[in-house]
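Below is one structure, written out as structure tokens, with a few remarks after it.
Because only heavy atoms are used, hydrogens play no part in the values below, and waters and symmetry mates are left out as well, while side chains stay in.
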Amino acid sequence: MSERSWLRAAFAKIPARTPALAPIEPERIWAAVRGELDARETAEIVDRLHEDPELAMEWRLAVELAGAEAEAATTEADPTAPSPAPAANDRRYGYAALLVAAAVGALVLSLRPAPPPLDPGPGPGEDSTPAMRAPAGGAAISTELPDGSTLPRARFELRWSTVPGADHYELRLSTLALDPLHRALELHDPRATIPAEALAPVATGEAMLWQVTAVMPDGRRLDSPAWRIAVQ
């Protein structure tokens with residue numbers, strides 16, 4: 001069975017989403033996780049994760065499947081490498097085991113709050129003004145860092161373009177599975193250095209997501225695309 005068929009089969013185990021939210025094709029989620037979509041398309045999916053728990057679960061599952069695929073490819077490239085499980089050289093076996101784990105994980109997630117997404121949103125007492133999105137003609141916030149670039153762990157500085165009239169900026173950095181790594185608020189310059197301790201759980205070369213929000217004086221919020229970044 002093809003990778004996409006396995007992905008569809010795994011997604012079928014997830015309860016149906018709210019009717020008002022149209023589903024996103026598994027192929028698009030898969031492509032986003034593998035870095036095959038541009039930053040704007042990835043941002044559109046990440047934005048939906050804030051309001052669509054089922055999509056967030058599908059995203060995390062796709063991340064797990066991508067990891068299983070990479071592990072299987074490594075095993076195939078080096079047959080002498082220790083096998084993580086019996087018959088691990090059969091890629092379909094690894095996926096089947098992962099689907100069982102995903103089904104159990106879905107049950108656990110249904111019994112406890114999900115981990116915070118890339119943008120946990122306003123908390124009690126914070127401004128709840130809806131975010132304004134970038135114009136269709138292009139992102140209002142850009143960066144000179146190419147999507148998918150890498151930065152040295154000791155000098156991990158993220159930079160983005162200035163938004164005229166912005167009061168301050170907020171920055172969020174998460175794992176590809178949307179586990180929060182760092183959040184900076186009240187930034188008045190379009191740059192931020194990520195502390196080494198925030199990057200400690202991240203392996204060299206591991207992909208992460210970062211996103212910036214410009215907060216205007218009247219409370220409006222303008223989100224950037226979600227960009228990929230890795231640490232050297």
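- Here the OG1-CD distance, from T175 to E206, works out to 7.0 Å after rounding to the nearest 0.5 Å.
- When side chains are defined from C-beta on, P26 does not count as touching E58, because their heavy atoms never get closer than 4.5 Å.
- Judged by distance alone, the side chain of D147 and the main-chain N or O of R228 form a donor-acceptor pair under 3.5 Å.
- The CG atom of D52 sits 5.5 Å away from the CD atom of E54 when rounded to the nearest 0.5 Å.
- Not one N or O on the side chain of S174 forms a donor-acceptor pair closer than 3.5 Å with the backbone of P180.
- The backbone N or O of D167 sits less than 3.5 Å from a side-chain atom of H188, completing a donor-acceptor pair.
- By the 4.0 Å N-to-carboxylate-O rule, E144 lies too far from R159 to be salt-bridged with it.
- Proximity of L187 to E170: side-chain heavy atoms (C-beta onward) are nowhere separated by under 4.5 Å.
- Taking the side chain as every heavy atom from C-beta outward, T193 and F156 never approach each other to under 4.5 Å.
- Looking only at distances, no side-chain donor or acceptor of S161 sits under 3.5 Å from a matching main-chain atom of I141.
- Between V46 and the choices D223, L55, L209, the side chain to side chain contact (heavy atoms under 4.5 Å, CB included) rule is met once, by L209.
- Taking the side chain as every heavy atom from C-beta outward, Q211 and L171 never approach each other to under 4.5 Å.
- Between W210 and W160, the ring-plane angle classifies as tilted under the 30° and 60° cut-offs.
- L145 is not listed as a side-chain neighbour of W227, based on a closest heavy-atom distance of 4.5 Å or more.
- Using a 4.5 Å heavy-atom threshold, the side chains of V231 and L151 count as separate.
- Salt bridge annotation for R155-E157: absent, with no cationic side-chain nitrogen under 4.0 angstrom from a carboxylate oxygen.
- The shortest non-hydrogen separation linking P217 to G165 is CD-O, 3.1 Å.
- Proximity of a side-chain donor or acceptor of T42 to a complementary backbone N or O of D38 within less than 3.5 Å is detected.
- Residue L185 holds its CG atom at 9.0 Å from CZ of R172, rounded to the nearest 0.5 Å.
- R153 places no side-chain N or O within donor-acceptor distance of the main-chain N or O of A196, the cut-off being under 3.5 Å.
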Item to complete: Please report the C-alpha distance between V215 and Y169 in whole Å, then the side-chain angles of each, then the deciding distance to 0.1 Å, and finally whether the side-chain contact (heavy atoms from CB on, under 4.5 Å) criterion is met.
Response: CA-CA 6 Å; V215 182; Y169 304 95; over 6 Å; no
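- A side-chain donor-acceptor contact under 3.5 Å links R60 to the backbone of A177.
- Within the 4.5 Å cutoff, side-chain heavy atoms of M208 are placed close to those of L199.
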Discussion item. E36 vs E41, test: side-chain contact (heavy atoms from CB on, under 4.5 Å). Steps then yes/no.
Written reply: CA-CA 10 Å; E36 297 168 359; E41 291 179 290; over 6 Å; no
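- In this structure the side chain of H182 never reaches within 4.5 angstrom of the side chain of E197, judged on heavy atoms.
- In terms of heavy atoms, A198 sits closest to P201 at O-CD, 3.4 Å.
- At distances below 3.5 Å, not a single donor-acceptor pair connects side-chain atoms of D189 with backbone N or O atoms of R191.
- The side chain to side chain contact (heavy atoms under 4.5 Å, CB included) test with I229 singles out one residue from L173, T150, T143, and that residue is L173.
- For the residue pair V163 and M216, the shortest heavy atom distance occurs at CG1-SD, 4.4 Å.
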